[in-house]
Structures are given as C-alpha cells and as structure tokens.
Amino acid sequence: MWVFGYGSLIWKAGFNYDQRLVGFIKDYRRVFYQGRTVTLEPAEGEVCWGAAYKVSKKEDQEVALTYLEVREKQYDQKAYLDFFTEPTATSPAVSGIMVYIASPDKKLNRNYLGPASLEDIAKQIVHAEGPSGPNREYLFQLEKALLQIGCKDEHVMDLANEVRGILSQGELTAS
C-alpha cells in the first residue's frame with residue numbers, strides 16, 4: 001500500500017511505513033480550499049509535490065488506514081494516481097498511490113470553502129484554529145516541509161508571506 005501526502009502528511013506521517021519517497025503527482029495542484037487547509041484540485045499540466053509512504057505489513061496497513069480514515073475524515077474522496085520521482089520520467093515510480101481529496105461539493109463536504117483572494121484566505125488562516133492547533137502553524141510547517149524537499153510552491157509561499165504580513169501588522173497595532 002502506498003499513500004501520498006501533500007499537506008501535513010509530508011512532515012508528520014503518524015503511522016509506520018517501510019519507505020518514504022519524495023515526488024509528485026501530475027495534473028493536480030495544492031489549494032487552501034478545505035477549511036483553509038490544503039486539498040487538491042484538477043489542474044492540467046501542473047504537478048503537486050509531496051511524500052509517498054510505502055506500508056508493507058498487513059497489520060501496519062490496517063493501523064495506517066484506520067488512523068488515516070480518522071485524520072483525513074473531512075476528505076470525502078480517495079483517488080488512486082500515478083506518482084513520479086523524476087521530472088523527466090515517462091513512467092511512474094508508483095502506480096495506484098492512494099490520495100485523499102476533498103471534493104468541492106458542499107452537500108458532501110461541509111468543510112469546503114473554495115477559492116478566495118490570497119488576502120481573504122490569509123485573514124481566515126490568521127484567525128483559524130483546529131484540533132491540531134493554529135491554522136497558521138499548519139501553513140508555516142507546510143511551507144518549511146516543502147522547501148526541505150526542494151519544492152517552491154508559489155501558492156503556499158505567497159500565502160505564508162501574506163499571513164506573516166498580517167501578523168506583523170497586528171503586532172505593530174498592539175504595541
């Protein structure tokens with residue numbers, strides 16, 4: 001079993017795995033549309049970098065799936081995609097890698113917020129907090145984790161810079 005992480009799974013798997021590969025899936029992009037955490041949306045010609053985890057033992061697979069079903073419960077779809085490790089590769093390193101995706105259907109997915117301006121998304125992130133802590137920490141961790149794997153995701157970096165700008169203005173206003 002292979003699982004692809006494009007959000008917090010990049011830096012915090014939370015389950016036992018045998019192998020971790022850095023790479024990407026094609027024709028998707030990472031967007032902050034799911035309660036102002038990331039999901040994927042189809043985007044022809046784009047790639048989304050992240051980490052793939054191989055889970056071999058049957059008991060590890062069961063534990064990982066149970067854990068992921070709780071952790072990723074707000075993501076209402078699973079896709080099985082091709083995963084690549086080399087930008088020039090014509091054949092995937094892994095076929096059928098499992099990916100959790102939140103659909104844009106608000107009837108099925110009550111946490112889907114959808115597109116907004118960078119400024120509006122940043123303002124929501126500054127004030128949002130979830131079970132895992134402040135939303136901005138998630139954003140900053142994601143930015144750091146992506147840079148560590150050699151990925152400069154402009155959407156994530158622009159958003160992180162916008163949030164830092166809002167936070168620094170808040171500190172100026174408060175003093």
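Residues take their numbers from the sequence shown, with the count starting at 1.
The two residues Phe83 and Ile97 make their nearest non-hydrogen contact at CB-CG2, 3.8 Å. Across all non-hydrogen atoms, the minimal contact from His127 to Lys123 is CD2-O, 3.0 Å. The two residues Ile101 and Leu40 come nearest to each other via the heavy atoms CG2-O, 3.6 Å. Closest of all the heavy-atom pairs between Met98 and Leu65 is CE-CD2, 3.6 Å.
Of the possible polar contacts, one joining the Gln34 side chain to the Gln74 backbone as a donor-acceptor pair under 3.5 Å is found.
Residue pairs meeting the salt bridge (Lys or Arg N to Asp or Glu O under 4.0 Å) criterion with at least one member in residues 85-114, sequence neighbours excluded, do not occur.
For the side-chain contact (heavy atoms from CB on, under 4.5 Å) with Arg36, the qualifying choice from Asn135, Val126, Asn111 is Asn135, the only one to do so.
Criterion: ILVMFWY side-chain heavy atoms under 4.5 Å apart, direct or through other members. Under it, Leu113 and Val31 are not part of a common hydrophobic cluster.
With sequence neighbours excluded, the residues forming a side chain to side chain contact (heavy atoms under 4.5 Å, CB included) with Val47 are Phe24, Lys26, Trp49, listed by chain and number. Taking Glu62 as the reference, Lys58 meet the side chain to side chain contact (heavy atoms under 4.5 Å, CB included) condition, with sequence neighbours excluded. Checked against side-chain hydrogen bond (donor to acceptor under 3.5 Å, both in side chains), Lys144 has no partners two or more places apart in sequence or in another chain. When the side chain to side chain contact (heavy atoms under 4.5 Å, CB included) test is applied to Ser56, the partners found at least two apart in sequence or on another chain are Asp18, Lys54. Partners of Ser95 under the side-chain hydrogen bond (donor to acceptor under 3.5 Å, both in side chains) rule, at least two apart in sequence or in another chain, are Asp82. Residues that satisfy the side chain to side chain contact (heavy atoms under 4.5 Å, CB included) test with Asp60, not counting sequence neighbours, are Asn16, Val55, Lys57.
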Using atom types as modelled, flag every donor-acceptor pair under 3.5 Å from a side chain in residues 145-161 to any protein atom, sequence neighbours excluded.
residue	atom	partner	partner atom	Å
Asp153	OD1	His155	N	3.1
Asp153	OD1	Val156	N	3.1
Asp153	OD2	Arg30	NE	2.8
Asp153	OD2	Arg30	NH2	3.2
His155	NE2	Phe32	N	3.3
Asn161	OD1	Arg164	NH2	3.0
Asn161	ND2	Met157	O	3.3

Under 3.5 Å, sequence neighbours excluded: what are the donor-acceptor pairs made by side chains of residues 4-12?
residue	atom	partner	partner atom	Å
Tyr6	OH	Tyr100	O	2.6
Ser8	OG	Arg71	NH2	2.8

Considering only distance and modelled atom types, tabulate donor-acceptor pairs under 3.5 Å from the side chains of residues 114-121, sequence neighbours left out.
residue	atom	partner	partner atom	Å
Ser117	OG	Asp120	N	3.0
Ser117	OG	Asp120	OD2	3.4

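Side-chain atoms of Tyr28 and Leu81, non-hydrogen and from C-beta on, do get closer than 4.5 Å to each other.
Rounding to the nearest 0.5 Å places CG of Leu139 at 5.0 Å from CD1 of Ile125. Atom CD of Glu129 sits about 9.5 Å away from atom CD of Glu137, to the nearest 0.5 Å. Leu68 contributes atom CG, which lies 11.5 Å from atom CD of Gln61 (distance to the nearest 0.5 angstrom).
Cluster note: Leu108 groups with no other residue, as no ILVMFWY side-chain heavy atom lies under 4.5 Å from it. In the hydrophobic clustering, where aliphatic and aromatic side chains (Ile, Leu, Val, Met, Phe, Trp, Tyr) are joined below 4.5 Å either directly or transitively, Val63 stands alone.
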What's the verdict on salt bridge (charged side-chain N to carboxylate O under 4.0 Å, His left out) for Arg136 and Glu143, showing C-alpha distance, side-chain angles and the deciding distance? CA-CA 11 Å; Arg136 61 182 169 267; Glu143 178 188 40; over 6 Å; no
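In the model, Ser103 has a side-chain atom that pairs as donor or acceptor with a side-chain atom of Asp76 under 3.5 Å. Using modelled atom types and a 3.5 Å distance limit, the side chains of Gln77 and Asn109 yield no donor-acceptor pair.
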